[in-house]
Amino acid sequence: MTTQEVSKPKPTAVVYMPEREFLLPYFRRELEDMNIVTDLTAATEASPEISVMVSSTDIYTPKTGILLTESTETDSNSEWAAREREFSEYCHKKCLPVTIVRCPEVIGTGMRGLAMRMARGIARGTLMHIRGNESDISLIHAVDVAHYAVNKRLTGHTVNLTDGAETSIDELIDALAARMNDKHVLTIKSARIAKALYGRSYYGQLTQSVTYSNELAAKLLGDDFAPNKVTEYLRTHVYDESSL
């Protein structure tokens with residue numbers, strides 16, 4: 001008589017990533033031997049071995065500034081603060097360490113937010129360089145979010161996760177355009193015209209510098225930390241059937 005070996009269920013990883021669900025394929029590749037649960041309500045009955053939250057640097061109160069750190073004031077009434085509290089409460093109930101990575105704009109397949117709006121504008125020919133714009137932005141690629149968020153050296157910490165570069169808006173526009181078969185991008189010569197074209201809010205996002213320090217993550221990860229510079233990745237990565 002032959003007995004069939006009963007396969008053990010996969011261990012569970014809770015990866016809470018509100019508004020960043022497009023990261024799921026990246027985490028699945030990183031945690032291929034685990035069952036990933038992204039909804040905290042669904043995870044109530046689970047006994048996870050890993051828990052991590054992908055939060056946002058939008059939690060910080062300043063909307064302009066250079067190399068803002070984890071000690072920067074946060075908006076306790078914000079949606080992101082509420083989400084971090086919810087995740088922390090879940091972890092405490094499960095006796096798990098609270099691990100949170102706060103990400104700026106995440107670049108990758110299915111991306112959302114400002115970067116997606118910019119990409120769509122480039123594709124339509126409506127997003128242009130603004131002459132004299134010297135604003136910088138922080139970025140992180142989706143492959144690095146998934147790779148580093150589950151690194152054991154970050155367990156129990158709340159850190160900013162960026163590619164370590166202060167990328168100009170112009171450089172990001174050019175890199176996104178290069179990814180779109182080197183689409184040509186024009187330049188608006190007047191800030192007044194740009195404001196009228198994009199509106200106050202979007203114009204502000206394109207022209208006000210805000211960057212975040214990843215010094216704490218780099219210190220914790222040590223030699224393991226070597227994220228891709230997003231704009232170089234966009235220009236040089238060879239996309240094939242294994243790419244996301």
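Between L176 and M118, some side-chain heavy-atom pair lies under the 4.5 Å cut-off. Using a 4.5 Å heavy-atom cutoff, the side chains of D224 and R153 are in contact. A heavy-atom distance below 4.5 Å is not found between the side chains of V106 and Y26.
Other residues, nucleotides and ligands contribute only 12 or fewer heavy atoms inside 6.0 Å of the CZ atom of R120. By the 6.0 Å contact criterion, NZ on K152 is open, its count of non-hydrogen atoms from other residues, nucleotides or ligands being 12 or less. Under a cut-off of 6.0 angstrom, the local environment of CD in E171 is crowded, with over 12 non-hydrogen atoms contributed by other residues, nucleotides or ligands.
Under a hydrophobic-cluster definition in which Ile, Leu, Val, Met, Phe, Trp and Tyr are linked whenever side-chain heavy atoms come within less than 4.5 Å, directly or via other members, I100 and V150 are assigned to different clusters.
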(request) Go through the steps for Q205 and Y198 under the test side-chain contact (heavy atoms from CB on, under 4.5 Å), then give the verdict. (result) CA-CA 10 Å; Q205 287 181 297; Y198 299 130; over 6 Å; no

(request) Determine, step by step, whether L24 and T38 satisfy the side-chain contact (heavy atoms from CB on, under 4.5 Å) criterion, reporting the C-alpha distance in whole Å, the side-chain angles of both residues, the deciding distance to 0.1 Å, and the verdict. (result) CA-CA 8 Å; L24 182 55; T38 62; 4.0 Å; yes

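Put simply, the side chain of E105 gets close to the backbone of A115: a donor and an acceptor are under 3.5 Å apart. Between the side chain of Y90 and the backbone N or O of A43, at least one donor-acceptor pair lies under 3.5 Å.
A donor-acceptor pair shorter than 3.5 Å cannot be found between the side chains of K189 and T187. Between the side chains of Q208 and S135, not a single donor N or O lies within less than 3.5 Å of an accepting N or O.
Between V159 and the options V101, N214, L221, a side-chain contact (heavy atoms from CB on, under 4.5 Å) holds for only V101.
Taking every heavy atom of both residues into account, A123 and M180 meet most closely at N-SD, 4.0 Å. Closest heavy-atom contact between T74 and Y60: CG2-CD2, 3.7 Å. In terms of heavy-atom proximity, P227 sits nearest to Y148 at N-OH, 3.5 Å. When all heavy atoms of R102 and T57 are compared, the closest pair comes out as O-CG2, 3.8 Å. Across all their heavy atoms, R235 and A175 have their closest contact at NH2-N, 3.7 Å. For the residue pair L31 and V15, the shortest heavy atom distance occurs at CD1-CG2, 4.4 Å.
Ring-plane geometry between Y233 and H237 is classed as parallel, the angle between the planes falling under 30 degrees on a 0 to 90 degree scale with a further cut at 60.
To the nearest 0.5 Å, atom CG of residue L139 and atom CD1 of residue I137 are 5.5 Å apart. With values rounded to the nearest 0.5 angstrom, M34 atom CE is found 7.0 Å from T12 atom OG1.
Ion pairing between a basic and an acidic side chain is recognised when a charged N comes within 4.0 Å of a carboxylate O; K94 and E89 show no such pairing.
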